[in-house]
Structures are given as C-alpha cells and as structure tokens.
Trainee: 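The structure that follows is given in the form of structure tokens.
Along the sequence shown, the residues carry numbers beginning at 1. Predicted model only: the values in this text are computed from it and were never measured.
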Amino acid sequence: MIALRYEGRTWSHAAVAGWVEAEMHSLIARGVGPGDRVAVLALNHPRTLVLLLACARLGATLAPLNWRLAGPELQWIVDDAEPRVLFVDDRALLRAHDGTAPRPVRDGMAVLPLEQWDEGTPCGTLGLGGDGPVLLVYTSGTTGRPKGAVLTVAALRANAALAYDMHGPMDRDHVLTVLPLFHVGGLNIQTLPTLLAGGCVTLLPRFEAGATLAAIAALRPTLSVLVPSTMQAVAAHPDWAATDLTSLRAVATGSTVVQPDVVAPFTARGVPVLQVYGSTETAPIAIYVRAGEAGGMHSTGRPGPGVSAQARQADGSAAADGVPGEIWLKGPQLFQGYWRNEAATAEALVEGWYRTGDIGTRAQDGSWTVHDRAKHMIVSGGENIYPAEIERVLATLPQVAECAVVGRPDPRWQEVPEAHVVLRPGAACTEAEVVAHVQAQLARFKAPRRVVFVEALPRNAMGKVEYGRLAR
C-alpha cells in the first residue's frame with residue numbers, strides 16, 4: 001500500500017522507512033545529536049514527516065515553523081529554539097510574503113534546502129521510535145511572545161491511540177491532508193496516526209478549495225481534517241455540488257466552536273463530521289465525537305480513553321454536571337511544558353492537569369459541550385491569534401498611547417482582529433498606518449481588519465480594560 005502521495009510522486013511504507021534511516025544518518029553527519037533541535041520552514045511536504053520520524057529515532061526535536069508568520073516573528077522563534085539545522089522551502093516564503101521575508105539566521109545554524117535529500121534504500125517498517133521530546137510547536141503568546149509547547153514521543157503515541165479510537169483502526173484509510181503540518185491539527189489528528197497505522201496520506205502543499213475538491217474526486221480519500229473556515233470555503237466553491245464525496249467516511253473539524261451551519265452542507269451530502277476538541281498542548285486530541293456517533297451537534301464529544309476532564313470553578317473546585325467551568329485536562333498525550341519558560345509551564349500545568357482556559361460543561365452522560373475558547377483569544381481561519389501579540393506591536397507605534405484588540409465576527413474567517421486605539425495628545429495617525437505597522441512585524445492574518453480610534457478605553461473599578469464592552 002502507498003504510504004505517501006505528493007505532487008504526482010508516491011512512496012511505499014518501506015521506502016519511507018528507508019528515507020527515515022537515511023535522513024537520520026544525514027542529520028548525524030551534520031552534528032545533530034540527542035537533545036538538539038531541527039527546524040523546518042515549508043509548505044506541506046513529505047520530508048517534514050520524515051524529519052519528525054528521524055528526529056524521534058535520533059533523540060532530537062523537530063520544530064516546524066509557521067510560514068505565514070512575519071520575518072521578525074520567525075527570527076524570534078529561531079533565536080528561542082536554537083536549532084542546529086533549518087530546512088527551508090523557498091516556496092513557503094514566496095507564498096506567504098511575496099518573497100520579501102528574509103530567512104531566519106543564527107550563528108552556527110546550517111540553512112539547507114528542503115528539496116534536496118537522499119531517500120536511501122527501502123527497508124523495514126515505519127514506527128515512532130525513541131522516547132523523550134520530539135516536537136516543539138510554537139503557539140501564539142498570551143503575553144505577547146510565542147511559547148514553544150514540548151511534546152514527547154510518548155505523547156504522540158498516546159495521541160495516535162486516541163486518533164484510532166476516534167476514527168477507527170486507520171490502517172486502510174487514505175487521508176487527504178490540506179491543513180498545515182506546522183499545526184498539530186494538520187499533523188497529529190489524522191496524518192501521523194494514519195502513517196503509523198499503515199494507511200496512506202496524500203499531502204497537498206497548502207489548502208485551496210478547488211484543489212481539495214479535485215483531490216477528493218480523483219484520489220478518493222476516506223478521511224480529511226478541515227477547520228470551519230476551510231469547510232465553508234469548500235462548500236461555497238463552484239465545484240462543490242458536482243464533486244463526488246462518497247469516498248469520505250468522515251471529516252474531522254475543530255480549532256474553534258463549530259456552528260451547525262458549517263456542518264450542515266457536509267451532513268446533507270452524507271459526510272459525517274467528527275468534532276474534536278484540544279489544543280497544541282494536548283497534541284491535540286482530548287475530547288471528540290467518535291466515528292459512528294456523528295450526525296448531531298448536541299455535544300463536542302467525550303474524553304478519549306485515559307483522558308480525564310473536569311470543569312473547574314474559579315476557586316479550583318469541580319463544577320457539578322450541567323454547570324459551566326474552566327476545562328482542565330489530564331492524560332498521557334499532554335505536553336511536557338513550555339520550552340525554557342518555567343513560569344508559563346507552572347501556570348498551565350497544575351499537579352498533572354492542564355488548565356485550558358476554555359469554558360465547557362459536562363453533561364450527566366459524560367459528554368461535553370465547549371462553549372468558548374481561551375480568554376481573549378481570536379481564532380481566524382483556524383489560526384490562533386492572541387490580542388497581546390498585536391497590542392505589544394501597536395504599543396511601539398509612537399503615536400499610540402494605549403490600545404486593546406478584540407475579535408469581531410466575520411462570515412469568512414469566523415473572527416478577525418479589531419484594534420481600539422487611543423492616540424497621544426496632538427498625535428495623528430491613520431488606519432492604514434496602524435495596519436502597516438502591525439504587518440511589518442506580525443503575520444498578515446494578525447493585522448487588524450479595522451481600527452477604531454477612541455478617546456479612552458473602558459475600564460473597570462480595578463483599572464483593567466473591559467474587553468467585553470469593546471467586543472459588543
């Protein structure tokens with residue numbers, strides 16, 4: 001059976017296993033050893049998966065970089081992760097930044113082209129070998145800087161087991177991967193578990209609605225993961241009605257609260273939609289709807305085997321069934337902590353429990369409903385945006401005295417950032433200047449779609465900005 005399919009090429013499981021072996025020896029030859037980081041900046045590509053498996057065997061850690069980030073953001077992450085090697089797909093920079101974004105640089109770091117590799121000789125079978133840290137995924141920072149979540153081999157194995165419980169065995173599945181591999185959703189919900197189970201994965205370099213529908217029609221995949229914005233884009237495409245979807249036994253979705261109108265076009269055509277809830281810190285599978293249980297939007301699902309979930313009140317006590325509370329999670333798929341950030345780790349991990357910051361309710365039958373995401377976080381087209389990041393950049397604009405960023409509903413992206421700005425006395429600034437300033441330092445999708453100039457920000461008795469009033 002084919003293991004990987006990409007732009008007209010195919011690889012068997014034995015061929016990928018040989019490629020992993022050759023990649024591991026190539027990394028060793030370049031001085032990569034246990035504990036070192038290997039970064040990759042690329043559109044979806046088979047080599048990203050090969051590098052992950054090679055790092056697992058070697059005891060190194062792969063850091064997949066978000067090619068949609070701006071140059072300063074990428075540079076900060078590289079400085080923080082300190083990779084020994086960075087593999088770059090120039091198409092990623094060209095796609096995201098029109099060729100204007102510089103490659104991250106660092107003393108002692110080798111920068112290598114992703115497209116040149118030695119596949120070695122087909123041998124053995126695929127597996128996720130080794131133990132210890134293997135994946136370093138940076139999330140948007142609640143305090144203005146990204147945090148690197150460290151996931152171990154054991155966590156990825158546990159996550160794969162949850163994927164099999166969610167979807168079924170997956171050894172005979174054919175997964176179409178269109179979401180980016182730099183997110184755990186694109187990498188770990190279906191792609192890696194299917195590859196490890198012996199199934200087939202087709203990678204598209206990036207999501208495009210027309211290309212996704214064409215691949216479904218031509219290649220007949222059985223599974224795929226789509227976030228709500230990509231589901232809407234696919235259903236709105238002119239080829240939607242004419243595309244045969246009967247090969248799909250399910251589509252998984254998550255990353256934000258999923259509305260019924262997003263799911264309806266798929267279920268109306270006989271495609272079950274499986275909700276999955278989690279985060280980068282949970283690898284990401286935690287609570288989900290299992291295959292065969294789809295067909296309604298009554299809940300987000302149930303915790304997987306070995307996963308514990310509690311709704312906690314503000315004082316830390318457990319909330320009763322039916323009472324909303326902050327979702328706390330515990331399980332073998334949890335992250336180890338934040339890279340070189342003990343304070344953030346201590347805040348997020350409490351006696352083995354991960355505090356998600358999200359609000360949910362547990363029903364008496366054990367099912368969960370997730371009501372809202374982490375405080376202040378904006379999810380735009382499947383990308384997490386923390387207002388603190390944008391506010392940090394806005395504060396460096398000389399004309400700005402203070403600012404606050406909230407999410408605004410958007411029919412295409414679910415949410416987009418909106419900035420409320422107080423200018424310094426006598427200062428003048430336009431919306432275009434504010435947006436350009438943010439775009440120079442952050443990814444374009446983080447730039448405010450609207451700038452509201454106000455005389456003052458609403459504050460409570462404690463002097464804190466009342467974001468809820470801004471979002472009305």
Trainee: Restricting to non-hydrogen atoms, name the atom on Phe453 and the atom on Cys429 that form the minimum distance, rounded to 0.1 Å.
Mentor: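 Result for this residue pair: CZ-O, 3.4 Å.
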Trainee: CE of Met170 to CG of Leu195: how many Å apart, nearest 0.5 Å?
Mentor: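 If we round to the nearest 0.5 Å, Met170:CE and Leu195:CG are 10.5 Å apart.
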Trainee: Between Lys147 and Glu347, is there a side-chain N and carboxylate O pair less than 4.0 Å apart?
Mentor: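 A salt bridge is absent here (no side-chain N lies under 4.0 Å from a carboxylate O).
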Trainee: Roughly how far apart are His25 NE2 and Leu58 CG, rounded to 0.5 Å?
Mentor: 10.0 Å
Trainee: Would you give the length of the straight line joining atom NE2 of His183 to atom CG of Leu187, rounded to the nearest 0.5 angstrom?
Mentor: 11.5 Å
Trainee: Which atom pair, heavy atoms only, marks the closest approach of Asp89 to Ala42?
Mentor: CB-CB, 3.5 Å
Trainee: For Gln414 and Asp410, does a side-chain donor sit closer than 3.5 Å to a side-chain acceptor?
Mentor: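 No pair is found: no donor N or O on one side chain lies under 3.5 Å from an acceptor on the other.
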Trainee: Determine the minimum heavy-atom distance between Pro133 and Gln336, stating which atoms define it.
Mentor: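 Reported closest heavy-atom pair: CG-OE1, 3.6 Å.
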Trainee: Is it true that Lys330 and Glu351 have a side-chain N and a carboxylate O under 4.0 angstrom from each other?
Mentor: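 Salt bridge absent between Lys330 and Glu351.
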Trainee: Could you check whether Gln399 and Glu433, counting side-chain N and O atoms only, form a donor-acceptor pair closer than 3.5 Å?
Mentor: no
Trainee: Charged N to carboxylate O below 4.0 Å: is that the case for Arg340 and Glu82?
Mentor: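 Glu82 and Arg340: salt-bridged.
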Trainee: Does NZ or CZ of Arg47 lie under 6.0 Å from the centre of the six-membered ring of Trp19, at an angle within 45° of the ring axis?
Mentor: no
Trainee: Regarding Arg449 and Glu418, does a basic nitrogen lie under 4.0 Å from an acidic carboxylate oxygen?
Mentor: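 Looking at Glu418 together with Arg449, the answer is no, because their closest N to O distance does not fall below 4.0 Å.
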Trainee: Once rounded to the nearest 0.5 Å, what's the spacing between atom CG of Leu204 and atom CZ of Arg5?
Mentor: 11.0 Å
Trainee: Show, in sequence, the C-alpha distance, side-chain angles and deciding distance for Arg103 and Asp90, and conclude whether the salt bridge (charged side-chain N to carboxylate O under 4.0 Å, His left out) test is met.
Mentor: CA-CA 9 Å; Arg103 296 179 179 181; Asp90 282 334; 2.7 Å; yes
Trainee: Taking atom CZ of Arg106 and atom CG of Leu86, what is their separation to the nearest 0.5 Å?
Mentor: 11.0 Å
Trainee: Drop me the distance from Thr177's OG1 to Leu179's CG, to the nearest 0.5 angstrom.
Mentor: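 CG of Leu179 is found 8.0 Å from OG1 of Thr177.
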Trainee: Checking salt bridge (charged side-chain N to carboxylate O under 4.0 Å, His left out) for the pair Glu21/Arg57: CA distance, chi angles, key distance, verdict?
Mentor: CA-CA 9 Å; Glu21 177 78 11; Arg57 291 188 59 185; 2.6 Å; yes
Trainee: Would you say CG of Asp239 has more than 12 non-hydrogen atoms from neighbouring residues, nucleotides or ligands within 6.0 angstrom?
Mentor: yes
Trainee: Run Val38 and Val32 through side chain to side chain contact (heavy atoms under 4.5 Å, CB included) and show every step you take.
Mentor: CA-CA 8 Å; Val38 175; Val32 178; 3.9 Å; yes
Trainee: Looking at Phe182, Phe87, Trp67, which hits side-chain contact (heavy atoms from CB on, under 4.5 Å) with Val40?
Mentor: Phe87
Trainee: Take a 6.0 Å sphere around CD of Glu7 and say whether it holds more than 12 heavy atoms from other residues, nucleotides or ligands.
Mentor: yes
Trainee: Run the side chain to side chain contact (heavy atoms under 4.5 Å, CB included) check on Leu181 and Leu203 step by step: do they pass?
Mentor: CA-CA 10 Å; Leu181 295 179; Leu203 294 176; 4.3 Å; yes
Trainee: Is there side-chain contact between Ser279 and Thr356, with heavy atoms separated by less than 4.5 Å?
Mentor: no
Trainee: So Leu74 and Leu41, side chain to side chain contact (heavy atoms under 4.5 Å, CB included) or not? Walk me through it.
Mentor: CA-CA 9 Å; Leu74 289 171; Leu41 176 62; 4.2 Å; yes
Trainee: Regarding His437 and Thr396, is there a side-chain donor-to-acceptor distance under 3.5 Å anywhere?
Mentor: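 His437 vs Thr396: donor-acceptor pair found between side chains.
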Trainee: With no hydrogens and no angle check, do the side chains of Tyr277 and Asp358 hold a donor and an acceptor under 3.5 Å apart?
Mentor: yes
Trainee: Testing the 3.5 Å rule here: is there a donor-acceptor pair between the side chains of Gln310 and Trp353?
Mentor: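 Absent: no donor and acceptor within the cut-off.
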Trainee: I need the minimum non-hydrogen distance between Val201 and Thr191, along with the two atoms involved.
Mentor: CG2-O, 3.5 Å
Trainee: Would you please indicate yes or no on a ring centroid separation below 6.0 angstrom for Trp240 and Phe266?
Mentor: yes
Trainee: In a check of salt bridge (charged side-chain N to carboxylate O under 4.0 Å, His left out) between Glu383 and each of Arg444, Lys446, Arg68, which one passes?
Mentor: Arg68
